[in-house]
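Numbered from 1 within each chain, the chains take letters A, B, ... in sequence-line order.
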Amino acid sequence: MVVTRFAPSPTGYLHIGGLRTALFNWLWARKNQGKFLLRIEDTDLTRNSQEALQAILEAFEWVGLNYDGEVIYQSKRFDIYKKYIKQLLEEGKAYKCYMTKEELDALRQEQMARGERPRYDGRYRDFTGEPPAGVEPVIRIKAPQEGFIEFEDGIKGKVKIAASEVDDFIIARSDGTPTYNFVVAIDDYEMGLTDVIRGDDHLYNTPKQLVVYEALGFKPPKFYHVAMINNEQGKKLSKRDGALDVMEYKRMGYLPEALLNFLVRLGWSHGDQEIFSIDEMLELFDPKNINKSASSYNLDKLLWLNAHYIKNSENEKLAKLLEDFGVSLQNFDKIDAVLNATKSRAKTLADLANEINKILNEPAKYSEKAVKKAFKGDAVQILDEFVSLLKELKPTTKEQYHDAMQKFVQSKEIGFGKLGQPLRVALLGEMSGPGLDEVMAILGLSEVEKRVEKIKKHLLGN
RNA sequence: GGCCCCUUCAUCUAGCGGUUAGGAUUCCAGGUUUUCAUCCUGGCCACAGGAGUUCGAGUCUCCUAGGGGUCACCA
């Protein structure tokens with residue numbers, strides 16, 4: 001069975017890079033009817049925040065990534081780690097190091113001054129003497145001193161790192177708390193992980209974790225190191241690039257399916273296909289065709305996808321989502337008419353809300369340019385006559401309004417623009433927008449008349 | 001700096017020794033639309049550079065350049 005995980009540290013919100021790796025892991029587990037686990041890496045008790053954890057959970061819920069079982073907190077598993085540390089100590093595979101932080105810093109300074117790579121020198125590796133008084137030791141694990149540590153990465157292929165690059169790293173701090181690379185290895189093993197898909201900023205952690213696997217005799221999982229997502233300039237994503245927080249996309253009016261579709265195509269592809277439903281992702285995703293190279297975040301494509309998903313969403317669903325954007329279509333009998341008229345012209349839910357408000361609310365102001373252009377000659381008279389015709393015909397549907405307009409321009413022998421332009425400005429305040437027949441069918445006769453009267457007053461006022 | 005990874009249109013990517021190097025987004029042009037948007041059609045734009053290997057290289061090898069990652073009692 002395939003078991004994957006997402007393992008954030010609760011130090012901030014969930015960002016899009018994290019969401020992508022979570023998605024890859026989730027897809028791979030679900031595709032194989034396996035398990036997708038959520039583990040919180042909170043061993044550094046000084047840096048955790050409850051809000052950050054909530055933010056991550058909230059983001060998961062928004063995009064619909066569900067995890068199996070309970071959330072696992074490393075901070076609650078210290079007993080397990082202690083047991084393994086004790087075991088390693090007893091087996092002589094780990095040892096106490098009495099070097100103080102200050103000594104360590106001094107050593108590093110010296111090494112760097114000599115142009116060497118900073119590295120623990122192993123001075124307590126085989127220490128048997130009397131430990132210095134007053135120093136709480138850290139625990140270090142014995143890493144191989146020669147040869148290579150290598151593994152087969154599912155994306156990068158064979159990765160081979162010289163043992164000299166990996167020193168006897170600390171597995172437990174002087175206060176007894178275990179450190180990252182140690183607990184990750186323990187947990188990944190204990191949780192039964194088969195596949196670890198993570199950012200390639202972890203590539204160098206892998207040999208360290210393999211040292212732990214080796215010392216404990218665990219079989220390591222398959223690793224996949226995914227290249228980073230860069231910003232639009234091809235540089236590393238940072239807070240300055242804005243909108244890193246996944247929930248920020250919700251606030252801006254993105255649909256989770258659009259975000260997920262966008263992210264799944266960053267570093268992964270399936271031939272020429274661009275649009276992937278969740279079901280299609282589940283059917284087609286395979287970490288083995290994840291790209292080796294880093295990709296850049298491109299807002300235009302996200303926007304395009306979002307527009308696509310809005311256009312193809314059920315109106316009822318959109319109506320519900322629009323609540324968060326100040327548009328309440330509940331108890332409104334023309335939900336379909338309004339959304340059909342507007343959803344092809346919005347790239348985000350915020351746009352959509354805006355488009356809807358333009359129809360539903362009478363124009364608060366008029367585009368003067370549009371007024372000037374549309375109200376030349378006998379435009380006012382044409383509008384009056386058209387309203388009279390409407391009163392006579394009493395159209396209600398889009399088709400009936402359409403026919404009324406046709407009949408009017410034909411009988412008057414004028415071009416459509418003669419009626420359409422002033423009517424559009426009267427109804428919407430500007431020169432562009434949805435079809436007038438649609439708009440009128442939504443507004444109804446009395447509202448149309450009201451808006452015509454309103455613009456007439458506006459014209460007199462000038 | 002050491003070590004490691006990466007490199008096809010502006011961007012996301014297809015390609016897995018023989019292709020007019022394909023698709024998508026953006027942009028531009030045309031069509032549809034009373035308008036705008038949608039939609040449709042078309043166009044512009046790429047194998048980082050250099051050596052090899054080969055009858056033949058975007059595809060394999062090496063070098064150079066550029067980009068990225070990493071070197072904590074952070075995760």
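- Lys156(A) comes within contact range of the sugar-phosphate backbone alone, with a heavy-atom separation under 4.0 Å but no base atom that close.
- Within the nucleic acid shown, Ser344(A) comes within 4.0 Å of at least one base atom, counting heavy atoms only.
- Non-hydrogen atoms lying under 4.0 Å from RNA chain B are contributed by nothing in residues 405-412 of chain A.
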Kindly give the atom pairs (protein nitrogen or oxygen, nucleotide nitrogen or oxygen) under 3.5 Å for nucleotides 44-47 of chain B.
none

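- Classification of Asp79(A) and Lys82(A) as a salt-bridged pair fails, no side-chain N sitting under 4.0 Å from a carboxylate O.
- At the heavy-atom level, Ser295(A) lies under 4.0 Å from the strands shown only through sugar-phosphate atoms.
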Tabulate protein N/O versus nucleotide N/O from nucleotides 57-64 of chain B, keeping only pairs under 3.5 Å, one per line.
none

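- Within 6.0 Å of the NZ atom in Lys334(A), the count of heavy atoms belonging to other residues, nucleotides or ligands exceeds 12.
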Legend entry - Contact state string [nucleotides 14-31 of chain B, B base, S sugar-phosphate only, - no protein heavy atom under 4.0 Å]: S-------BBBSS-----
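- Using modelled atom types, no side-chain atom of Arg451(A) and backbone atom of Gly429(A) make a donor-acceptor pair closer than 3.5 Å.
- Nucleic acid contact class of Ile161(A) (heavy atoms, under 4.0 Å, all strands): none.
- Between Ile310(A) and Leu349(A), the shortest heavy-atom distance links the atoms CD1-N, 3.8 Å.
- The residues Arg5(A) and Asp187(A) are annotated as not salt-bridged, no charged nitrogen and carboxylate oxygen being separated by less than 4.0 angstrom.
- If you check C73(B), A75(B), C12(B) against the side chain of Ile170(A), the one that comes closest is C73(B).
- The pair Asp153(A)-Lys158(A) fails the salt-bridge criterion, with no side-chain N (NZ, NE, NH1 or NH2) lying under 4.0 Å from an Asp/Glu carboxylate O.
- Asp121(A) pairs by the side chain to side chain donor-acceptor pair (under 3.5 Å) definition with Arg123(A), not counting sequence neighbours.
- Without hydrogens or angle criteria, Gln410(A) side chain to Lys407(A) main chain gives no donor-acceptor distance under 3.5 Å.
- Only Gly420(A), Arg424(A), Met431(A), Ser432(A), Gly433(A), Pro434(A), Gly435(A), Leu436(A), listed by number, bring a heavy atom of residues 417-443 of chain A to less than 4.0 angstrom from any atom of RNA chain B.
- Side-chain atoms of Tyr204(A) come within donor-acceptor range of the base of C3(B), with a qualifying N/O pair under 3.5 Å.
- Proximity of a side-chain donor or acceptor of Asn181(A) to a complementary backbone N or O of Gln209(A) within less than 3.5 Å is not detected.
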